[in-house]
Amino acid sequence: MQLEKTKRALRLPEGSEICLRGWVYRKREIGKKIFIVIRDSEGILQTVIDSGRVSEETFNEALKASIEASIEVCGRTAREPRAPGGVELRVSKVKVWGPSEDFPIKGGEGVDYLLDNRHLWIRSRKLTAVWRIRHTTLSALREYLINNGWWEVSPPILTQAAVEGGATLFKVDFFGKEAYLSQSAQFYLEALIYSLERVWSLTTSFRAERSRTRRHLYEYWHLELEEAWAEMRDSMKVAEELISYAISRVLDERLEELEFLKRDIESLERARKGNFPSITYDEAIELLRKKGVDIKWGEDLGADEERVLTTYFETPFFVTHFPKKIKSFYMKLDPQRPDVVLGFDLLAPEGYGEIIGGSQREDRYEVLLNRIKEEGLDPKEYKWYLDLRRYGSVPHSGFGLGVDRFVMWIAGLDHIRDSIPFPRFRDRLYP
RNA sequence: GCCGGGGUAGCUCAGCGGUAGAGCGCCGGGCUGUUAACCCGGUGGUCGGGGGUUCAAAUCCCCUCCCCGGCGCCA
């Protein structure tokens, strides 16, 4: 008999003889019949073991198949309106591969308990749907870049210095020297454009900031890219195409999973079309004041401000030209207005907030050196980074995408922890 | 780091000075079409930890640990 997957089995002709391998998702014993709903990587399917039609030995084997036991069942498919999905498997043979002790997750458990049992909870149907959406998202992001002439490179994770400030780095012992886990590959990508011009990397980034929000991880997946000869607007165009392409692929390939998660598709359908609006920081301040928000020019946009701005747009939108005081030293100053930088954020709608941060980089040696000094940083720490402006500097721009946040928005999750199988956040290191 | 909420049975919670409770789970029994099956019976506790007040503390006070939500930081 043919080994099948649950999802395919639903579409086979009635009476097909097949075997299924999977895990016991639900089990109901009614008198002389046992209903076992089997779960595999594709979905679920109800199976029936009827004591009148199988040997006593087979029936007893089915009795042993407790929740989450791994089993193999063989039988004949049958249309059955009473079964979920309209098809069930009438079983002739049962084999328990790995029995299961009393499974700790029954339904109704709290957040803390589920996180302590994350290694078991990740097999839930909800999280499985997220993993599938995450896979397609990652695959689409890569595909876009590969098909559009971007070179994938591999920057280091162990680094010597900070990209932005030093307070938020995880320190590790590098044989007696202090080393840090990378919080961004940006500087390394900037170095690599002199060889490959358009480069990207997908790595974990680390931020040792004790965040208490639903949008922060200490260890997160960071897609970064950097392009030579590109101005800020060029980079924004790439961001828009990249995001809308990935959303489009997820809508095409993961509709079932989005529906299972009860995701409202409307917002994604609008985003797949691109054409993200763009406003300047100045315009953002103006819009906020119109809505009665008390904010002065020069103040950073916080969560409350982002929420208000979101009400103006139904797609992701850009905010550009921030005051230089609230942004990093490496962002290029606007030649027309040296009090603002050529930086941009991309904010997702529905309250999901910033998913991309990028900028044109300062490519003039003297200006960059002065900016480093202005920020009270030590130029010696940035020696090699400054060198890049001494040997054939070019205008260049780039950005970083928070992959987990992006997945969180696509899947409509209410917490970033569920966008990744084993989240590192708060004080959680187990499992 | 700051503000707020909370730790009581395996799980979710009620009880808030006077003999520790419910639902679910689990175990046993019944049932040949269940959908988180149902019905009957059974099982279940350092009331997060330490100290104090009191005749008496899960309950009041102090210290401490842990969890959740929000802000800040950002992606």
Side-chain angles (χ1 to χ4, degrees), chain A residues 25-37 44-54 59 66-67 78 80-86 88 90 101-117 121 125 163-165 167-169 183-186 202-224 239 243 299-307 322 326-328 343-348 351-358 399-409 414-417 419-420 425-428 430:
Chain A
Y25 179 62
R26 292 278 137 77
K27 184 187 186 188
R28 291 177 275 271
E29 295 169 34
I30 287 92
K32 298 288 186 332
K33 271 187 181 165
I34 305 171
F35 296 88
I36 289 177
V37 178
I44 59 168
L45 186 79
Q46 173 166 292
T47 69
V48 192
I49 300 94
D50 186 333
S51 65
R53 295 173 187 235
V54 299
F59 195 77
S66 49
I67 299 292
E80 173 53 71
R82 290 169 292 188
E88 69 182 13
R90 309 235 160 105
E101 296 173 29
D102 183 26
F103 198 65
I105 300 167
K106 327 266 185 196
E109 290 83 2
V111 175
D112 191 34
Y113 181 86
L114 289 174
L115 284 167
D116 283 341
N117 288 284
W121 180 231
R125 292 183 76 201
V163 170
E164 22 200 332
T168 63
L169 291 160
Q183 60 177 192
S184 168
Q186 183 193 320
L202 178 59
T203 62
T204 43
S205 277
F206 301 85
R207 303 267 162 110
E209 186 76 34
R210 284 180 112 72
S211 301
R212 268 216 69 90
T213 78
R214 55 175 86 178
R215 338 207 302 265
H216 287 86
L217 295 168
Y218 294 156
E219 177 187 293
Y220 67 100
W221 285 82
H222 208 177
L223 177 72
E224 292 170 277
I243 294 299
E299 288 174 354
D300 209 350
L301 306 176
D304 292 339
E305 288 76 27
E306 276 186 14
R307 219 165 286 129
F322 296 92
I326 58 173
K327 289 291 177 183
S328 296
F344 64 95
D345 286 349
L346 183 69
L347 307 188
Y352 285 95
E354 188 178 345
I355 55 173
I356 281 179
F399 63 81
L401 165 70
V403 171
D404 318 275
R405 259 191 212 173
F406 187 36
V407 170
M408 180 191 175
W409 169 50
D414 55 19
H415 202 297
I416 199 167
R417 63 186 162 223
S419 70
I420 188 167
F425 74 116
R426 310 280 166 87
D427 287 329
R428 205 165 278 279
Y430 172 94

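On a predicted model such as this, the values are computed, not experimentally measured, just so you know. Letters A, B, ... are given to chains in the order of the sequence lines, protein chains preceding strands, and every chain is numbered from 1. The figures that follow rest on heavy atoms only: side chains count, while hydrogens, waters and symmetry mates do not.
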Calculate, to the nearest 0.5 Å, the distance between atoms CD and CG belonging to A:Glu109 and A:Asp116 respectively.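 Output value for this atom pair is 12.0 Å.
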How long is the straight-line distance from NZ of A:Lys32 back to CG of A:Asp50, given to the nearest 0.5 Å?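 Between A:Asp50 CG and A:Lys32 NZ, I get 11.0 Å after rounding to 0.5 Å.
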Would [X] and [Y] pass as an ion pair if we require N to O under 4.0 Å?
X	Y	value
A:Glu305	A:Arg307	no
A:Arg90	A:Glu80	yes
A:Asp345	A:Lys327	yes

Would the base of [N] count as contacting [X] through its side chain, where contact means a donor and an acceptor less than 3.5 Å apart?
X	N	answer
A:Glu109	B:G10	no
A:Thr168	B:C73	no
A:Glu29	B:U34	no
A:Lys106	B:G25	no
A:Arg212	B:C73	no

Partner residues of A:Asp112 under the salt bridge (charged side-chain N to carboxylate O under 4.0 Å, His left out) criterion, sequence neighbours left out: A:Arg428
Distance between the P atoms of B:C16 and B:C74, in whole angstroms? 47 Å
Could you measure between the two P atoms, the one in B:G10 and the one in B:C60, and give it in whole Å? 24 Å
For B:A22, which nucleotide in any strand shown is its Watson-Crick or wobble partner with both distances under 3.5 Å? B:U12
Using Watson-Crick or G-U wobble geometry with both distances below 3.5 Å, tell me the partner of B:C38, or none.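 Base partner found: B:G30.
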Let me know the distance between [atom1] of [X] and [atom2] of [N], rounded to the nearest Å.
X	N	atom1	atom2	value
A:Glu299	B:G72	CD	P	12 Å
A:Glu306	B:C73	CD	C1'	12 Å
A:His415	B:C67	NE2	C1'	12 Å
A:Leu347	B:C74	CG	C1'	12 Å

Just call it for [X]: base, sugar-phosphate, or nothing, with non-hydrogen atoms closer than 4.0 Å on any strand.
X	result
A:Ile356	sugar-phosphate
A:Asp112	sugar-phosphate
A:Ser205	nothing
A:Asp300	sugar-phosphate
A:Glu224	nothing
A:Tyr113	sugar-phosphate
A:Gly353	nothing
A:Ile30	base
A:Gly110	sugar-phosphate
A:Arg417	sugar-phosphate

For B:G70, does either OP1 or OP2 sit under 4.0 Å from a side-chain N or O belonging to A:Arg214?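 Indeed, a polar side-chain atom of A:Arg214 lies that close.
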Name the one of A:Gln183, A:Arg207, A:Arg210 that satisfies side-chain hydrogen bond (donor to acceptor under 3.5 Å, both in side chains) with A:Thr168? A:Gln183
Between B:U32, B:C11, B:C71, which nucleotide has the shortest distance from any of its atoms to the side chain of A:Arg307? B:C71
Using heavy-atom distances to pick each residue's nearest nucleotide on RNA chain B, tell me which of A:Ser51 and A:Asp102 is more 5'. A:Asp102
Please figure out whether A:Arg426 or A:Glu305 has its closest RNA chain B nucleotide nearer the 5' end.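 Looking at RNA chain B, the more 5' nearest nucleotide goes with A:Arg426.
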